[in-house]
Amino acid sequence: MNVRKRSAKDYRVSRWSGGETREFLLFPEGASYAGRDFLWRVSSATVELAESDFTPLPDYHRYLTPLSGALKLSQDGGPFRTLGALEVLEFDGGAETKSRGEVTDFNLMLRKGEAEGGMATAVLRAGDALQLSAFFPKEAEQAESLLIYCYSGAAALRQAGKESVCEVGSYLLLSAETGEAGRLAFTDAEVSAIAENTVLAFAWMRRCD
């Protein structure tokens with residue numbers, strides 16, 4: 001696997017109607033969020049208003065988790081339900097979505113019919129380790145890219161005798177090497193916490209066949 005590290009200085013920061021968004025990854029290169037021509041986007045946003053409306057994105061499937069606090073969400077006029085910290089919600093980007101609560105969240109957007117993926121979260125104590133092949137569902141092994149975001153603490157990714165460290169506010173992006181059939185190989189990859197209260201968010205993505 002190829003591993004790249006990115007930190008706050010690399011992120012594109014923008015305002016939305018309810019707060020601020022830090023864009024971690026937009027694929028493919030040259031696409032834009034405003035142009036709605038991307039296949040996937042991974043970001044983190046602050047929700048700074050007591051109540052706010054999500055931007056409608058009818059061409060996208062979405063995953064969302066609060067990294068801190070809880071978020072109350074109502075979709076298409078339905079009752080508000082509570083999404084707890086690190087609980088993952090999968091939903092249609094075209095749904096009329098209202099939120100209540102001031103939080104920091106983690107987002108994945110996937111273009112319908114053209115991209116697939118998923119999201120997971122983990123809280124680790126110093127010394128705890130995750131074997132990626134056991135932690136993720138089998139379909140994640142077919143991903144082209146995996147993003148590991150460190151919200152708090154610090155973690156080390158170890159694979160094939162190499163180590164990459166991810167500190168608070170940074171992420172590691174894993175992608176397939178040439179010759180790996182365009183898919184990730186998690187067989188011997190492990191993520192270990194090297195600080196207490198390490199909170200990690202994961203997003204995996206692939207183009208549809």
If only atom types and distance count, is the side chain of [X] paired as donor or acceptor with the main-chain N or O of [Y] below 3.5 Å?
{"X": "Thr21", "Y": "Ala45", "result": "no"}
{"X": "Thr121", "Y": "Leu86", "result": "yes"}
{"X": "Ser152", "Y": "Asn197", "result": "yes"}
{"X": "Arg62", "Y": "Leu57", "result": "no"}
{"X": "Lys72", "Y": "Lys98", "result": "no"}
{"X": "Asn107", "Y": "Leu64", "result": "no"}
{"X": "Thr97", "Y": "Ala95", "result": "yes"}
{"X": "Ser52", "Y": "Leu49", "result": "no"}
{"X": "Asp76", "Y": "Glu96", "result": "yes"}
{"X": "Thr198", "Y": "Ala154", "result": "yes"}

Whether [X] engages the ring of [Y] as a cation-pi pair (distance to the six-membered ring centre under 6.0 angstrom, angle to the ring normal within 45°) should be assessed.
{"X": "Arg6", "Y": "Tyr11", "answer": "no"}
{"X": "Arg22", "Y": "Phe24", "answer": "no"}
{"X": "Arg41", "Y": "Tyr33", "answer": "yes"}

Could you list the residues that satisfy side-chain hydrogen bond (donor to acceptor under 3.5 Å, both in side chains) with Thr65, not counting sequence neighbours?
->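 By the side-chain hydrogen bond (donor to acceptor under 3.5 Å, both in side chains) rule, Thr65 matches no residue at all.
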
Which residues share a side-chain hydrogen bond (donor to acceptor under 3.5 Å, both in side chains) with Glu141, sequence neighbours left out =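 Result, side-chain hydrogen bond (donor to acceptor under 3.5 Å, both in side chains) vs Glu141: none returned.
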
In the single-linkage hydrophobic clustering (I, L, V, M, F, W, Y; side-chain heavy atoms under 4.5 Å), do [X] and [Y] co-cluster?
{"X": "Leu89", "Y": "Leu71", "answer": "yes"}
{"X": "Leu83", "Y": "Phe91", "answer": "yes"}
{"X": "Leu146", "Y": "Met119", "answer": "no"}
{"X": "Val88", "Y": "Trp40", "answer": "yes"}

Taking side chain as C-beta onward, heavy atoms only, is [X] less than 4.5 Å from [Y]?
{"X": "His61", "Y": "Met109", "value": "no"}
{"X": "Ser175", "Y": "Glu144", "value": "no"}
{"X": "Met205", "Y": "Leu25", "value": "yes"}
{"X": "Pro137", "Y": "Trp204", "value": "yes"}
{"X": "Leu200", "Y": "Leu124", "value": "yes"}
{"X": "Leu173", "Y": "Arg4", "value": "yes"}
{"X": "Val168", "Y": "Val199", "value": "no"}
{"X": "Ser44", "Y": "Leu67", "value": "yes"}

Determine, for Glu167 against Lys5, whether the closest basic-nitrogen to carboxylate-oxygen distance falls under 4.0 angstrom.
->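 Between Lys5 and Glu167 there is a salt bridge, with a charged N closer than 4.0 Å to a carboxylate O.
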
Val165: hydrophobic cluster co-members (side-chain, 4.5 Å) =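 Result for Val165 is Ile194.
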
Might you point out which heavy atoms bring [X] and [Y] nearest each other, and give the distance in Å?
{"X": "Ala203", "Y": "Leu108", "result": "CB-CD2, 4.3 Å"}
{"X": "Tyr149", "Y": "Ser170", "result": "CD1-O, 3.5 Å"}
{"X": "Ala160", "Y": "Asp188", "result": "N-OD2, 3.3 Å"}
{"X": "Ser164", "Y": "Leu172", "result": "O-CD1, 3.8 Å"}
{"X": "Val103", "Y": "Gly69", "result": "CG1-C, 4.1 Å"}
{"X": "Glu102", "Y": "Ala50", "result": "OE2-N, 4.2 Å"}

Can you tell me if Thr46 and Glu48 form a side-chain donor-acceptor pair at under 3.5 Å?
->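 Short answer, yes.
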
Just wondering, more than 12 heavy atoms not from Arg158 lying within 6.0 Å of its CZ?
->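 Counting other residues, nucleotides and ligands, CZ of Arg158 exceeds 12 neighbours.
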
Within 6.0 angstrom of Arg12 CZ, more than 12 heavy atoms from elsewhere =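 No - once you tally the heavy atoms of other residues, nucleotides and ligands closer than 6.0 Å, there are 12 at most.
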
Give the intermediate values and the outcome of side-chain contact (heavy atoms from CB on, under 4.5 Å) for residues Leu73 and Phe54.
-> CA-CA 10 Å; Leu73 296 171; Phe54 280 28; 3.9 Å; yes

What residue among Phe106, Tyr63, Phe135, Tyr171 forms ring pair (Phe, Tyr, Trp, His ring centres under 6.0 Å) with Phe202?
->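 Between Phe202 and the candidates, ring pair (Phe, Tyr, Trp, His ring centres under 6.0 Å) is satisfied uniquely by Phe135.
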
